[in-house]
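Here the structure comes first, spelled out in structure tokens, and everything after it is commentary.
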Amino acid sequence: MKIKQGSALAALVIAGLAATAPASPAETTLDRMPAELETRLALSAAPPALRETATVYLLDPAKGYQLSRQGNSGITCIVERTSWDLSDFRNDIYIPLCYDAAGSRTYLRHIMEAATLRATGMDAATLNAEYQKRYRDKTFNVPEKPGVSYMVAPVMRTIGPPDMNVHTMAMPHVMFYAPGVTNDDIGAKPDLAARASLLSPFVDRQGAPEHSYIIQLVGDAEKTKILADEKPLLDDLCAYRDILCLRHGDH
């Protein structure tokens, strides 16, 4: 997985790449993104009108997330690189996301702490077990009221449909906090292989029942506009690392 340099740096709707093989131990070391590029990617998860006043944390792989910019709206944005619910650590996960105030105090704090624990040497299996325990015994709080995580970025790389392997994909959406809620509760019948079934709200459980969301994908017209508006960012990400190139068929 080649990291590229290029001049561009200066200046669930889904068909993905072929399944990516699990990372080998030599491929789990996280790169540190250029601060300006990571900031742009993190903020792209929020609607444009909310970006100027958002707080941004950037990842130091050796330490965890560090405050880069303090906002005043309660919205906090990062690029998630460690998914605690995956079975192995990888170096090719890039998930731009922003949380409102309630989510920033809970779910986002948990996501950021996972990066710190990884940096201190905790392995993936231990992290997963520890987080399962923390949600069960309520060491981890869930949001105290309904709220939203914005994920309207033009690209992300993580597990996804149709096979829940790692893909680079355009899947702008929003996530509403739904701890303990299931698809049966809301009558949803998502089929990861059927795009149409994902256009209605469905539940995504991220590692534990308490860490669940109702997902709403944006419409096709809005998605097309996001991809057009964010083309400079997409070009710069592709120049930075080829696995972040959004190829035909990825959106």
Side-chain angles (χ1 to χ4, degrees), residues 9 30-61 63-85 92-116 118-119 140-158 160 168-177 204 206 211 213-218 222-223 225-227 229-237 240-241 244 246:
L9 284 174
L30 293 174
D31 62 292
R32 186 167 189 170
M33 294 185 73
E36 186 266 350
L37 186 61
E38 186 176 359
T39 298
R40 289 165 60 200
L41 180 56
L43 287 172
S44 75
L50 305 183
R51 296 173 188 174
E52 185 175 350
T53 57
T55 295
V56 177
Y57 282 83
L58 302 180
L59 179 64
D60 178 346
K63 297 179 181 178
Y65 286 94
Q66 309 293 309
L67 179 65
S68 174
R69 191 183 84 179
Q70 181 63 57
N72 58 17
S73 64
I75 293 173
T76 306
C77 302
I78 68 167
V79 179
E80 182 182 1
R81 305 292 307 279
T82 298
S83 294
W84 69 266
D85 54 320
D92 64 339
I93 300 297
Y94 294 85
I95 310 172
L97 44 79
C98 299
Y99 280 80
D100 66 10
S104 294
R105 290 190 293 268
T106 52
Y107 289 148
L108 183 61
R109 181 176 65 81
H110 309 158
I111 290 168
M112 292 170 67
E113 186 177 351
T116 302
R118 177 177 181 175
F140 276 169
N141 295 324
V142 300
E144 70 274 12
K145 58 183 179 180
V148 62
S149 171
Y150 299 101
M151 295 188 66
V152 297
V155 66
M156 66 178 182
R157 183 172 174 82
T158 185
T168 300
M169 67 194 87
M171 200 180 93
H173 60 284
V174 293
M175 307 195 304
F176 301 97
Y177 312 143
D204 180 25
Q206 298 189 1
H211 193 185
Y213 304 87
I214 295 175
I215 308 297
Q216 178 64 68
L217 302 181
V218 307
E222 185 177 1
K223 178 183 173 184
K225 185 176 188 307
I226 288 170
L227 291 173
D229 290 348
E230 298 291 355
K231 187 176 185 305
L233 173 60
L234 290 170
D235 289 344
D236 287 352
L237 288 167
Y240 169 66
R241 195 167 183 194
L244 293 174
L246 193 62

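Bear in mind that the values here come from a model prediction, so they are computed numbers and not experimental data.
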Donor-acceptor pair, [X] side chain versus [Y] backbone, under 3.5 Å?
| X | Y | value |
| --- | --- | --- |
| Asn141 | Thr106 | no |
| Tyr177 | Val148 | yes |
| Ser73 | Thr53 | yes |
| Gln206 | Asp85 | no |

Atom [atom1] of [X] and atom [atom2] of [Y]: how far apart are they, to the nearest 0.5 Å?
| X | Y | atom1 | atom2 | answer |
| --- | --- | --- | --- | --- |
| Gln216 | Met151 | CD | CE | 14.0 Å |
| Leu41 | Leu234 | CG | CG | 9.5 Å |
| Asp236 | Leu244 | CG | CG | 11.5 Å |

query = Going by the angle between their ring planes, with limits at 30° and 60°, are His211 and Trp84 parallel, tilted or perpendicular?
reply =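 Plane angle under 30°, so parallel.
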inquiry  = Applying side chain to side chain contact (heavy atoms under 4.5 Å, CB included), can you list everything that pairs with Lys225, at least two apart in sequence or on another chain?
reply    =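 With neighbours one apart ignored, the set is Asp229.
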Determine the minimum heavy-atom distance between [X] and [Y], stating which atoms define it.
| X | Y | answer |
| --- | --- | --- |
| Ile95 | Arg157 | CG1-O, 4.0 Å |
| Pro154 | Ala170 | O-CB, 3.3 Å |
| Ala46 | Tyr150 | CA-CB, 4.0 Å |
| Gly64 | Ala119 | N-CB, 4.3 Å |
| Pro172 | Ile226 | CB-CD1, 3.9 Å |
| Gly160 | Met169 | CA-CE, 3.9 Å |

Under a 4.5 Å cut-off applied to non-hydrogen side-chain atoms, are [X] and [Y] in contact?
| X | Y | answer |
| --- | --- | --- |
| Leu97 | Leu108 | yes |
| Leu246 | Leu237 | no |
| Tyr213 | Phe176 | no |
| Leu58 | Asp60 | no |
| Tyr57 | Thr76 | yes |
| Met156 | His173 | yes |
| Tyr99 | Met175 | yes |
| Thr39 | Arg51 | no |

ask   = Can Cys98 and Leu50 be said to form a side chain to side chain contact (heavy atoms under 4.5 Å, CB included), step by step?
value = CA-CA 10 Å; Cys98 299; Leu50 305 183; over 6 Å; no
key: Test side chain to side chain contact (heavy atoms under 4.5 Å, CB included) applied to Thr82 and Ile93, step by step   = CA-CA 7 Å; Thr82 298; Ile93 300 297; over 6 Å; no
key: Stepwise side chain to side chain contact (heavy atoms under 4.5 Å, CB included) test for Arg118 and Leu30   = CA-CA 10 Å; Arg118 177 177 181 175; Leu30 293 174; 3.7 Å; yes
task = If a pair satisfies salt bridge (charged side-chain N to carboxylate O under 4.0 Å, His left out) and one of its residues is in residues 68-84, list it, with sequence neighbours excluded.
result =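 Pairs touching residues 68-84 that pass the test: Asp31-Arg81.
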task = Go through the steps for Met33 and Arg241 under the test side chain to side chain contact (heavy atoms under 4.5 Å, CB included), then give the verdict.
result = CA-CA 10 Å; Met33 294 185 73; Arg241 195 167 183 194; over 6 Å; no
